[in-house]
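Structure, as structure tokens:
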Amino acid sequence: MTLTREAPVATVREAPRKPRRHDGLTTALMAGPATVLYVVMLVIPVGLAFYLSLTDWDGFSADPAFVGAANYASLLDDPELRRAALVTLLVAAAGTAGLNLLGLGFALLVNGASRANTFFRIVLFYPHVLSALVVGFLWSAILGTTGAVNNLVTTWGGEVLPFLSDPAWATVTMIAVLVWAGFGVNVVLYLAGLQAVPHSLIEAAKIDGATRRQVFRNVTLPALGPSVTINIVLSLVTLLKTYDLVVSLTAGGPAGQTQTVAYLILWNSFHDARLGFGSAQSVILMLVTAALAFVVTRLRRRGEMAVHQ
Amino acid sequence: MRKTFLWATVAFMLIPLYVLTVNAFKGQQEILGNPFGLDGLTLEPLGRALTNPQFDVVKGYAVTLLFVVAVNVLSVLLAAPAAYTIARSPKRRFRVLMLFFLAGTFIPGQVLVIPVVYVLKTLGLMGTIRGFVLFETTLTLPFSIFLYAGYIATIPAVLDQAAAVDGAGRLRTFWQIVFPLMRPAVATMVILNTFSVWNDFVNPQIILGPGSGLYTVTTGVYAAVSQYSTDYTVVFPTLLLAIAPLLVFFVLMQRHIISGLTAGATKG
Amino acid sequence: MRSPRSSLVLSGIGCLLLLTGCGGGGFAGDSQAQQSEGRQVTVRMLVNISPNLTQAYWDGLVKPFEQANPGIDVKIEAPTGKGVADTLPQQLAAGNAPDVVETLMADETLAKQMLDLSDQPWAKDTPLVEQAKLGGRIYTVGVGVQAQSLVFYNKAAFGKAGIDKPPTTWDELDAAMGKLKAAGYLPLQTGGDFLTGLQLLQLSNPSRAQNHPTWQQDVSAGKIKAGESLLPYLERYHGWIGKGYVDKNALGMKYADAETAFLSGKSAMYVMGSWFTAAEAKAEKDFEVGVFPAPVDKGQQYPGPQGATLAAPYMILKSSPQKDAALKLVQWLVTDPAAVKSQLKQDGNFRTGVERAFTPLEKQVQEILDQAPAGVPQGEGYGDATLPKGFNSAWNTEVQGLYVGKSPKEVAEGVDRWLAGRS
């Protein structure tokens with residue numbers, strides 16, 4: 001990933017050795033299989049997605065017609081996609097904020113080696129081990145109209161809380177569940193970042209009479225720069241492709257208001273048999289993901305430079 | 001103050017797990033009447049979930065485990081030597097190859113799965129275990145190669161040269177000298193890949209399809225639960241069966257898993 | 001020294017050979033390999049799984065067929081997606097489509113993939129076969145007829161609310177709902193899932209069919225707009241939400257929840273197809289369930305035309321390597337008396353000339369079917385009265401919009417915009 005500031009390619013050192021006769025063959029044996037598999041199963045499909053996005057194919061007929069950019073044109077005025085794009089961006093933005101604020105916050109709280117802290121880390125982290133599909137079904141059983149919480153509320157004489165039946169609530173619920181399930185990872189990553197903060201700097205600042213807040217803002221946070229970049233990019237890239245949780249938590253509802261782009265891609269491609277149209281959405285999702293990851297990395301890098309100067 | 005807050009958070013994190021566990025042992029009336037209570041516990045729903053004709057849990061575990069092992073083995077066999085070639089070569093075209101692999105880390109799986117259907121179909125691998133394993137392996141390659149190449153760069157090249165002087169070929173040098181030193185990096189990748197294969201839903205759903213008769217834990221849970229997502233005597237026991245072994249494994253191995261994941265993300 | 005590029009190509013070829021070459025060995029799950037062995041053929045059938053139609057039911061249904069035809073093994077496949085509608089295209093795309101598919105009706109897109117059954121003598125006597133013809137050809141054969149436009153009601157609730165005669169017009173329905181609400185009941189049970197749109201289609205069939213007898217054809221031809229022509233019903237439904245005649249949180253309820261809620265006596269009316277009778281027969285409850293045909297506009301004929309769809313429609317895929325066995329199976333499924341009866345009973349459906357032991361409620365539904373002046377296609381429709389694929393779910397999504405603040409007009413426009421994008 002382009003997340004580190006030093007890509008390993010840059011650290012490759014020339015290893016002087018005698019050229020051997022079977023060198024080419026050996027190289028092919030070592031790098032070939034991976035490259036071929038990568039090309040066949042990843043590069044060709046990406047090209048194919050682009051090609052399919054220029055057709056009106058239903059996915060199985062013998063006669064796909066080439067329609068040029070028509071699918072891309074209809075992307076623009078497809079209200080379903082517009083809504084899904086908005087939901088996806090909202091989930092990505094709010095989710096990234098939530099994951100990172102909670103991640104960094106709790107990392108600071110459970111920093112340091114102790115038995116209790118180990119326990120806390122395990123508890124914060126465990127939902128990540130569960131598949132998003134299971135997490136969604138679990139939370140829908142808890143927050144659904146007939147779920148655990150609403151049963152409690154109604155037996156106490158309250159009104160049903162529309163966690164999953166009102167569009168705004170459902171979107172917030174979905175983001176909250178994503179954050180619940182994922183912030184443990186960010187905690188762990190920020191903890192790793194905190195280990196890298198030079199202890200001497202913190203001590204020096206303390207000796208100079210800095211308050212805890214000042215130490216955090218002026219020493220810890222700048223040193224955490226690379227961690228922040230990694231965390232934000234990872235969160236964004238993960239959240240932009242939210243699919244499993246939509247399937248199990250809301251099934252895209254109510255009124256289709258929680259469909260994400262990834263959900264719509266598969267729905268359009270198969271249920272509506274508009275594979276060409278779905279592929280156009282795929283291409284856009286791919287480009288947006290790459291672009292956002294790139295931009296965030298660049299912005300953060302510039303930010304770090306500014307801090308270090 | 002800090003402690004109270006942390007314990008409150010712990011409660012919030014664990015309540016869903018508690019609800020899941022107690023309700024897996026209750027009837028629909030007890031679940032609806034008192035979702036947090038402990039009355040009327042019975043093993044009957046769990047027994048029914050175990051014998052659900054829609055989803056054979058034990059077989060689901062076996063199938064998923066087979067995938068995890070196959071993908072991990074294949075991924076190491078392919079990625080490690082490729083990373084070695086890249087890391088030890090001064091040539092420009094290998095740097096390009098590295099970037100070429102790196103680009104793959106930004107492609108969302110959902111985008112790939114539709115066109116991959118046609119590639120696998122052409123190769124006659126659609127709906128087969130082999131096709132699925134090869135595709136899942138491919139998804140692990142970009143990051144594995146990146147991580148391995150980074151790690152190999154930290155292993156002194158002097159070691160290779162010594163082996164070469166002793167007359168070992170590059171293949172033997174790699175597998176016998178360098179690969180054993182890559183253990184930490186390989187362990188990290190195995191942990192990362194295990195979780196991503198285990199929890200994958202969309203790829204097995206589409207590539208295996210109903211024709212193969214193969215269910216992983218996730219697609220099996222979907223088949224068993226999605227139609228009946230409010231018949232809680234199906235939902236809770238099925239979910240419990242799907243996660244319990246994994247959670248036990250996680251708690252036992254947590255130190256390795258967490259540090260492995262950390263290493264994976266921060267080195268990456 | 002060979003250049004790395006050419007050696008990459010070389011190893012690439014080797015790798016591909018390895019992929020495709022190690023074909024048969026090692027792994028299970030190659031269904032093709034099993035099929036070619038011996039005389040035994042496997043017919044794969046993709047079916048709808050629902051609370052009525054479980055995997056166990058399907059397995060049991062085809063058992064007698066397998067016993068009578070020892071050379072044929074029927075493999076029931078459950079959808080891996082949301083349902084048959086998205087799993088079949090997925091399988092078609094993957095090139096491993098089943099031999100037989102249940103639940104879907106042929107439309108322009110699917111018909112090209114399906115076997116033409118027009119020259120099968122037995123196909124001509126199956127229910128609704130004329131209506132389901134596409135371009136004069138038979139692709140789909142079914143077991144029976146589902147009556148769609150039925151309103152089931154809680155007789156105790158109607159008694160308590162002082163309603164002695166079921167409503168026959170929309171206005172009477174509104175008045176009845178008012179009384180039911182006053183009597184402390186939720187007047188109409190609705191739900192989320194696919195239920196929201198389905199119920200409104202079911203409810204509107206009889207009056208819509210009198211205003212627009214060839215609605216689907218007219219919509220396809222661009223003579224009328226789908227959403228616009230259904231606007232009066234959308235407005236009425238919207239009114240019910242405002243007046244609390246339906247639960248404003250209904251979207252949080254799954255199909256099964258809605259059914260359970262009605263059967264537990266919490267709500268007074270439930271609009272559903274005839275298959276609900278199967279669930280009613282199984283449920284324990286302390287009140288009697290009645291049924292009346294969906295209401296019509298004032299001045300229209302009552303009962304109006306009944307929404308009628310094909311129960312358990314079967315199609316055979318053209319690509320099937322086991323056409324003979326598949327034909328045999330489908331013929332058996334739609335003509336064998338025991339198989340037909342079993343399917344009708346299991347999913348609460350009807351077929352003229354097939355006598356089976358009816359529950360009192362089923363008897364009433366049969367009477368409604370007999371009295372209906374005509375059977376009309378619903379929503380997406382079938383045969384030559386077919387709207388673009390996916391209409392029903394698009395309609396459903398839009399109708400759900402009424403619950404989340406959209407106006408009836410916006411919903412109607414949304415439906416029309418969807419259709420405009422597909423033609």
Side-chain angles (χ1 to χ4, degrees), chain A residues 19-37 39-40 57-63 74 77-80 143-147 150 159-168 170 247 251-257 259 266-275 277, chain C residues 1-4 6-16 18-19 81-83 85-93 95 97 109-110 112-113 192-193 196 247-254 257 260-261 388-390 393-394 396-406 414 417-418 421-422:
Chain A
R20 286 165 164 272
R21 228 181 308 155
H22 297 297
D23 229 28
L25 190 64
T26 318
T27 308
L29 267 176
M30 295 182 86
T35 314
V36 170
L37 194 62
V39 168
V40 171
W57 204 26
D58 57 23
F60 42 81
S61 297
D63 49 354
S74 45
D77 48 33
D78 187 276
E80 274 186 338
L143 298 178
T145 307
T146 58
N150 272 320
E159 277 248 348
V160 166
L161 299 171
F163 288 110
L164 298 173
S165 53
D166 175 89
V247 168
Q257 302 283 321
Q259 291 174 344
L266 288 167
W267 185 259
N268 276 315
S269 298
F270 292 130
H271 182 273
D272 289 0
R274 295 172 83 205
L275 200 95
F277 187 62
Chain C
M1 194 173 102
R2 223 168 302 166
S3 86
S6 67
S7 36
L8 274 184
V9 172
L10 196 81
S11 69
I13 294 166
C15 203
L16 279 179
L18 202 73
L19 285 183
K82 216 173 176 181
D86 63 326
T87 303
L88 182 70
Q90 214 168 286
Q91 288 184 296
L92 281 167
T109 326
L110 285 180
K112 286 180 228 152
Q113 310 295 324
D193 248 358
T196 331
D247 179 4
K248 67 178 191 319
N249 288 319
L251 295 189
M253 296 197 119
K254 296 276 153 84
D257 295 330
T260 311
K389 214 170 165 40
S393 43
N396 182 52
T397 306
E398 289 296 335
V399 173
Q400 292 193 347
L402 291 176
Y403 283 89
V404 303
K406 277 197 191 168
R417 201 178 314 116
W418 186 90
R422 306 292 138 128

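Letters go in sequence order (proteins before strands), and every chain restarts at 1. Not measured: the values here are computed from a predicted model.
For Met253(C) against Thr145(A), the heavy-atom pair with the smallest separation is N-OG1, 4.1 Å. Here the shortest heavy-atom pairing between Ala93(C) and Phe270(A) reads CB-CE2, 4.1 Å. Closest heavy-atom contact between Ala251(A) and Lys82(C): O-NZ, 3.7 Å. Taking both residues in full, the closest heavy atoms of Gly252(C) and Ser165(A) are given as N-CB, 3.3 Å, listed atom of the first, atom of the second, then distance. Of all heavy-atom pairs spanning Gly390(C) and Asp272(A), the tightest one is CA-OD1, 3.8 Å. Closest heavy-atom contact between Ala255(A) and Val404(C): CB-CG2, 4.0 Å.
In this structure, Thr87(C) OG1 and His271(A) NE2 are separated by 9.5 Å, a value rounded to the nearest 0.5 Å. Rounded to the nearest 0.5 Å, atoms CD (Glu398(C)) and CD (Glu80(A)) are 7.5 Å apart. To the nearest 0.5 Å, atoms CG (Asp257(C)) and OG1 (Thr146(A)) are separated by 4.5 Å. Note that the CG atom of Leu164(A) and the CG atom of Leu251(C) stand 11.0 Å from one another [nearest 0.5 Å].
In this structure, chain C has a heavy atom under 4.5 Å from the side chain of Asp58(A), while its backbone stays farther away. Residue contact with chain A, scored on non-hydrogen atoms closer than 4.5 Å, involves the side chain of Ser393(C) exclusively. Using a 4.5 Å cut-off between heavy atoms, Asn249(C) touches chain A through backbone and side chain atoms alike. Heavy atoms closer than 4.5 Å to chain C are found nowhere in Trp57(A), neither backbone nor side chain. Of the two parts of Gln259(A), neither the backbone nor the side chain holds a non-hydrogen atom closer than 4.5 Å to a non-hydrogen atom of chain C. The contact between Pro254(A) and chain C is made by backbone and side chain atoms together, counting heavy-atom distances below 4.5 Å.
Contact count against chain A (heavy-atom pairs under 4.5 Å) is highest for Lys389(C) among Lys389(C), Lys112(C), Lys406(C).
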Open item on the list: Between Ser269(A) and Gln90(C), is the side-chain contact (heavy atoms from CB on, under 4.5 Å) condition met? List the steps.
Closed with: CA-CA 9 Å; Ser269(A) 298; Gln90(C) 214 168 286; over 6 Å; no
